[in-house]
Structures are given as C-alpha cells and as structure tokens.
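The block underneath contains the structure these notes are about, expressed in structure tokens.
Side chains included, hydrogens not; waters and symmetry mates left out as well; all remaining heavy atoms used. Not measured: the values here are computed from a predicted model.
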Amino acid sequence: MREYVNNLINKLLESWIVKKFNGLNIADKINVTVCSIIVITFIILFPTTLSKFYTISLESSENYIKEVSKHNSRLVLEKLIQVESTGNFLITQIASNSRTIDRQNVIGLLKDALKSQPNIYSIGMVFEPNMFDGQDDKYYNKEGSNHLGQFMPYIFRNGNSFKVSLAIDGLSAGKKRFWYNVPKETKKIYLAEPAYYHIAGKSVLMTAICIPILDLKGEFRGVLVLDIELSYIQQLIEKNRPLGGYLSILTEKGTIIAHGAQPSLITKNVLDLDEENKFFTEKIAKGEEIVIYHKSSETGEANSLKVFIPIILENGNIHWSLSSIVPKANILSEFYSILRIILLVSVLSFLIIYSSVVVLTRYITKNLITASVHLRTIAMGNFNEAIPQKYFSLGDEVGTIFKSMNTMQNTTRDLVLQVLESVKIVASSSEKMNIAIHELNSQTDDISHSMNQLTMDMEATYSSTQKINDASNKVEELIQNISKRSLHGSVAAGKMNKRVLKISHSAKEAQDTTNQIYSTTKEKLVQSLEESKAVEKISKLSNVILQIISQTNLLSLNAAIEAERAGDAGKGFSVVAEEIRKLSQDSRNTIQEIQKVTKTVISSVKNLSNSSLKVIEFIDSKVIPDYKNLINIGEQYTKDIIFIDDLITEISTSGEQLMSSFEKILSYVNEVFSVMQAVTNETFRIKAKTNSITLKINDVQKMIDDNDDSVQELQEIVKKFQF
C-alpha cells in the first residue's frame, strides 16, 4: 500500500501540472497557490455549508408552514368551539328552565341564537317522544312539532328573517340519520360530514355540530343540531397561500371541506382521487399530526410538503384535519435565491481577494525578482554591475539577501583578481623557464656536436695507436728503416701533437661553456622554482573561497529555515534560498575545478623542479668531472706525444739504442693504446650521457609546455569573470 501511495505521489510530482507549476515564477506560484487554496476551501466548505443551509431552509419552511397550519386550524376550531358553546348554552338554558319554559320559548331562544351567531345558518332540535315536556299529545302538527306532537323545531335563515320547520324534514340526509343516531349511541358530540343542502331555494354547504341532550341521570333525551355554513372557512382557506402553496380541510373519511387551490373539489373524497390517500385518512381518524413529502393528488405536484394539523372537539368523536400543501420547489425558492446571492458574493469575494493577492504578491516579489536577476548576472561571471544602495536599507530577509550578495560579489571579485595575478606570475615564470630551457638545449646541442667531433678524433687516434702497435710488432723487421721512418714519425708526432692540443683546447672551451651555462641555468632555475611556489597560493585562495561558499550555503540554509517558519508567506524566500544554495554549489564546483587545475600545475612544477634538480646534479656530478678528466687526459696525451717525439728524435739519432730500448718502447706503446682505448670508451660514455641530458631537457621542455597549457586554461577560466 505504501509503495502504491509513493508511486502515486511520484506520478503526481512528475505530472504535467506540477511541471508547469515548477516553471512559474514566484509571484505566479503564490497566486496559483492562494487561488487553489481558496478554490479547495470553497469546494470543501461550500457543499457542507450549502447542505446545512439547505437543511435549515427546509426546517425553517416546514416550521413556518406548521405554524401557519396550526394558526388556521385554531381559527377553524375556535369557530366550531364557539358554535359548540352556543349549543351547550342553549341546552343549559332549556334544562335549567324545563318546568317553566315551553316550546315557543325554546323556538324564541333558537332564533336569538341565530341572531347573535351569524356563522350558524340554522338550528334544529329533535327530542325523543314525550322527552321534552311530556305533552306531545297536545302539540300535534303545531309549530315545531310533527304530526305526533314530537318536538323537533328547525329554524333557518331566510334573508333577514327566520323560518321554522321540522328538523326531520329539513336535515334528513337519508334513512341512517347519522347526525341523530351517532350522538344517541355515543352520547358525544358528532360533527357531521359536510354536504350541500337545498334550503329556501338555494344550495348551501354546511356541516352540523350535533350535541346530545342528556338529563341529569345521563339519559339521552334528544339532539341539538347547529348547522354551520362553511363558506367562511373556504374564504379563510383561500386567502392563505403559505409559500405559494394552499390549504385544505379534510374529514377523517376523506371529504374535502375547503380547498384553497381547487374549490371545485369541495365535498369530493380524496380516496376517489388517489387510493394512496388512505394513509392520510387513517392518520386523521387517529387525530395525529403529519409532516411528509408526498405527491399532491389534487394538483399533481410530484414532490410537495404536506402538513396535517388535527381539528378536534373535546367531546367529539369525529376528527378533521387542516392540510397545508406546498410544492418543494416553492419551499426552496428562497433557498435558491439566497444561493444565487451567496454564489455572486463568493465570486466577487474571490475576485477581490485574488486581485489583492496578485497586487501584494507583485509588490512583495518585486525586490526578489531584482535579486534573482542580479544573482543570474553574478552567476554569469559579471562583477561590474553594482547593487543599488536602496536595497541595502530593506529591513526584511530580501535586504539581508542583497547585503549577502554584495559581500559575496566583492569577495569573489577580489579572490578572482588575486587568482588572475597569480596566474600572470606563473605564466611569466613559465615563460622565463622556457627561455632558459631553450638556451640550455642549444648549449647541449653544441656539447653534443663537440663530443661527436671528439669521438671521431679519438677513433682516429685509436686507429693510429693500433697501427703503432702493429708497427711495433714489426719493428724487428723494420729496424733498418727506423732512420728513414724517424722523420716521418716525427712529422706524425707533430701532427698528433696539434690534434691533441686542439682536443685539449676544445675540451677546455666546452668545460668553460658548460660551467657558464650551468651557473646561469642553475641560478634562473632556482629562482623559477621559488617563483613557482606562488601557484600554491591559488590553493590557499581556493580554500578561502570554499569557506565563503560554505558560509553562503549556511546563510541560504538559515533563510530556508526562516522561510519554513514563516509558512505560506515564506515559500517565495525558500525558493530564493534554494537558488542561492545552487549558486553556492556551482561556485564550489568551479573552485574545485580550479583546485584540480592548480594541483595539476603544482604537480607539474614539482616534477619540473625535481627533473631540473636532477639535471643540475647530473651536470655537477658527471659532466664537469668528465670534462676535467678529458682535459687531464689531453694534457697527458700531449706529454706522451712530446715524449714520442723526443723518442723518435732519439731513435733517429741513436739507432743503436733503439733495439735495446725496443721492449721498453713497446711497453709504452701498449700503455698508450690502453689509455686511448679507455679515453675512447669514456668519450662514448660522455656522449651517451650528453644524449641523456638532451632527452631530460626535452622532458623538462614538455613539462613546461604542459604547465603553459594549464596556465592558459586557468587564464581562460578567469577571463569568464568581468570586473
């Protein structure tokens, strides 16, 4: 699971959006971040707030509709209670005056009640036979009595007057006569089903409050019927339109008493409109309060709020209910209106906040952009452009960055200048050393040429000596010719003496030249080696630069920590700190390259120094002594030639002594031959060493050339910086 999450995070970091975001500048990153935070916050909070506001709106509307329903149900109930009170008052008046009141007085009381209660359309009373005054036989077919004398008056309005008829004929709705039989059986008030009744030539929608008349023992005596015209209820219902909905009043059997939307449905049964309304009639019969969202069977609204508030007379057994039906769209209309206002305000607020953030971000990052541009200039090696003084007076982290940049610029510029001077010194020393090596190489070539000539002469001398040796072997045979050949021997000895003197003179000159070159080269070489130590200063200066870079890196780290503490406001500074850290790292890498080059130069100089010292040591220990030996040999050879010349002279003058001294002469000749052989071998060895010196000098020259290449490379690196 963790690996999957890590892969998902890596994919997100490598996504196109993240790459685009990384390519933005600091100001745009801040703007995008703030905008994203606002949008995400809006996305997170708005649905929750909207849901709560939606719930509150529904609850508020439901409570409002319930209150409206309760208020109107109380108005209806108060009318019914008022009529009921009137009926109870009449029953009480009749019962308290039962001994003195007659039937006409009762009819008079009923008329007075109609006068005082305009909502009562008619009043009727039906007594059981002989249960009013026990005198039914005296009132056959009289006013208010039927043909059997049973007292059942029915008084109804006829314009501004009242008419009296019989209750059975006027209120009979069928043989069952619920208005009479139900109160008789239950001894409770009965609220009759509303219906249209034809009275005095007009159709009147009425309901009746049927109150049982009981004696002191609770025995049933009759029923008082108070007919209520329901037009005032319809008027009350029609003028109440809560939230664009409508009210209606239903009986427990589903009969519509009043309807605010469709008056034509009055007296119709809701069960005939939709069988699902049986659920509501059952609840109304139990006197329960109902709040539910349901389809309206009257208007066909798919989703409407239905609130049923019961209307119950205390002593009755019939329940009505006032129903408020409001389409849900009407309930939420105010919610949608407020929602549009909220969205408009949210969009305007977002635009204002975003605009403010953009302006503030541009203002805040303006100095950072300037710092970034100057850092880029420094990174390109340009130290000519100075930082304006106004940025040093900034008291925030940006001011600190500008001050650090100025310090770094000055320090790096001074350091590079020092490196440049050191490079010039090294280049000058290398040039001088190169000239000295060229001179030494030239002198070495001369020595080599002289040694070649000397070798040729020594080979000739060796050949001559060998011939002398051969001649000595034949001396016995040629003893007679000694006198003749003595002259030739003297001449040859003279020539030999000249050649030996020439060799001796050349050896002397070569020795003087070698000593002079050796002295001059040694002095210049020692001086160059001392001057080459200046290269080591580059390493020390590089270490100083590395210390400064470490301090800069530490400063960028501190800036990043401070930016992290500052939270979102410091993210821009953390990016700048990261750029400074990258610049420090690039500077570190550059200095490390300089150190590598410096190490190469130092190594080359050391190798050159060691090789030069070896050359000096070789010349001091080998070449000069060999030259001295060569001169000594030449002097000895001159002496020998003089001796030979004297010997030949003596031979020419003392032939007789030649034979006696032959063995001694032969011995001397052999010694000369050995010496010449040794001299020849030594000459070849000196020539070989001279060639070796030449090769060493060539190696030194190659090292100097490599040193020149390193110096030029270092100069090219330093030229990148502008001052």
Side-chain angles (χ1 to χ4, degrees), residues 46-80 194 230-252 254-266 268-271 273-274 276-281 283-284 287-312 319-346:
F46 186 74
T48 304
T49 305
L50 184 63
S51 177
K52 290 183 179 179
F53 180 65
Y54 176 82
T55 303
I56 292 172
S57 297
L58 285 180
E59 292 177 353
S60 176
S61 300
E62 291 172 3
N63 292 331
Y64 169 73
I65 295 170
K66 284 173 66 176
E67 290 301 321
V68 171
S69 301
K70 288 180 180 179
H71 173 71
N72 287 282
S73 68
R74 281 195 298 269
L75 293 178
V76 174
L77 183 60
E78 286 173 359
K79 295 294 183 181
L80 296 177
L230 297 178
S231 59
Y232 81 94
I233 296 179
Q234 178 62 25
Q235 293 172 1
L236 175 67
I237 296 301
E238 284 181 348
K239 69 181 181 180
N240 282 279
R241 306 282 295 191
L243 300 179
Y246 62 92
L247 304 179
S248 64
I249 297 179
L250 304 178
T251 67
E252 63 183 28
T255 303
I256 299 174
I257 299 173
H259 203 285
Q262 298 183 25
S264 60
L265 296 176
I266 295 174
K268 292 185 179 179
N269 198 295
V270 294
L271 297 177
L273 300 176
D274 192 345
E276 291 184 2
N277 288 326
K278 185 177 181 181
F279 167 79
F280 299 106
T281 58
K283 296 290 185 181
I284 293 171
E288 295 181 3
E289 182 178 307
I290 307 172
V291 178
I292 191 172
Y293 284 93
H294 196 269
K295 181 182 72 174
S296 174
S297 57
E298 296 91 332
T299 61
E301 291 286 347
N303 194 7
S304 299
L305 174 65
K306 291 187 176 183
V307 178
F308 291 86
I309 303 299
I311 302 174
I312 304 172
H319 301 149
W320 287 1
S321 181
L322 186 141
S323 171
S324 297
I325 302 175
V326 182
K328 192 173 183 179
N330 294 3
I331 295 174
L332 295 176
S333 62
E334 184 177 0
F335 166 76
Y336 291 129
S337 176
I338 296 175
L339 178 61
R340 285 192 291 272
I341 295 173
I342 292 174
L343 289 174
L344 179 61
V345 172
S346 299

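- In this structure, OG in S324 is found 12.0 Å from CD in E62, a value given to the nearest 0.5 Å.
- Figure legend: cation-pi geometry between K283 and F308 absent, as NZ or CZ is not positioned both under 6.0 Å from the six-membered ring centre and within 45° of its axis.
- I325 approaches K306 most closely through the heavy-atom pair CG1-CG, 4.0 Å.
- Summarising the geometry of N277 relative to V270, their closest heavy-atom pair is ND2-O, 3.0 Å, with the distance given to 0.1 Å.
- Contact record, Y246 with G260: CB-C, 4.1 Å, taken as the closest heavy-atom pair.
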V76 vs N72, side chain to side chain contact (heavy atoms under 4.5 Å, CB included): CA-CA, chis, key distance, verdict:
CA-CA 6 Å; V76 174; N72 287 282; 5.6 Å; no

As a quick check of understanding, evaluate side chain to side chain contact (heavy atoms under 4.5 Å, CB included) for Y64 and V326, giving each step before the final call.
CA-CA 11 Å; Y64 169 73; V326 182; over 6 Å; no

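- Remark: L250 CG to I284 CD1 distance equals 5.0 Å, nearest 0.5 Å.
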Between S61 and L305, does the side chain to side chain contact (heavy atoms under 4.5 Å, CB included) criterion hold? Intermediate values first, please.
CA-CA 10 Å; S61 300; L305 174 65; 5.8 Å; no

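- Paired with P194 under the rule side chain to side chain contact (heavy atoms under 4.5 Å, CB included), one option of I233, L230, I266 passes, and it is L230.
- In this structure the side chain of K70 never reaches within 4.5 angstrom of the side chain of V307, judged on heavy atoms.
- For K66, the salt bridge (Lys or Arg N to Asp or Glu O under 4.0 Å) partners at least two apart in sequence or on another chain are E289.
- For the atom pair T251 OG1 and N269 CG, the distance stands at 7.0 Å (nearest 0.5 Å).
- For the atom pair L236 CG and K79 NZ, the distance stands at 9.0 Å (nearest 0.5 Å).
- Atom-to-atom distance recorded for I256:CD1 and I237:CD1 is 12.0 Å, nearest 0.5 angstrom.
- In terms of heavy-atom proximity, E288 sits nearest to P310 at O-CD, 4.1 Å.
- Distance check: S321 OG to I249 CD1 gives 9.0 Å after rounding to the nearest 0.5 Å.
- Between G287 and H319, the shortest heavy-atom contact is N-ND1, 3.5 Å.
- S73 approaches L322 most closely through the heavy-atom pair N-CD1, 3.6 Å.
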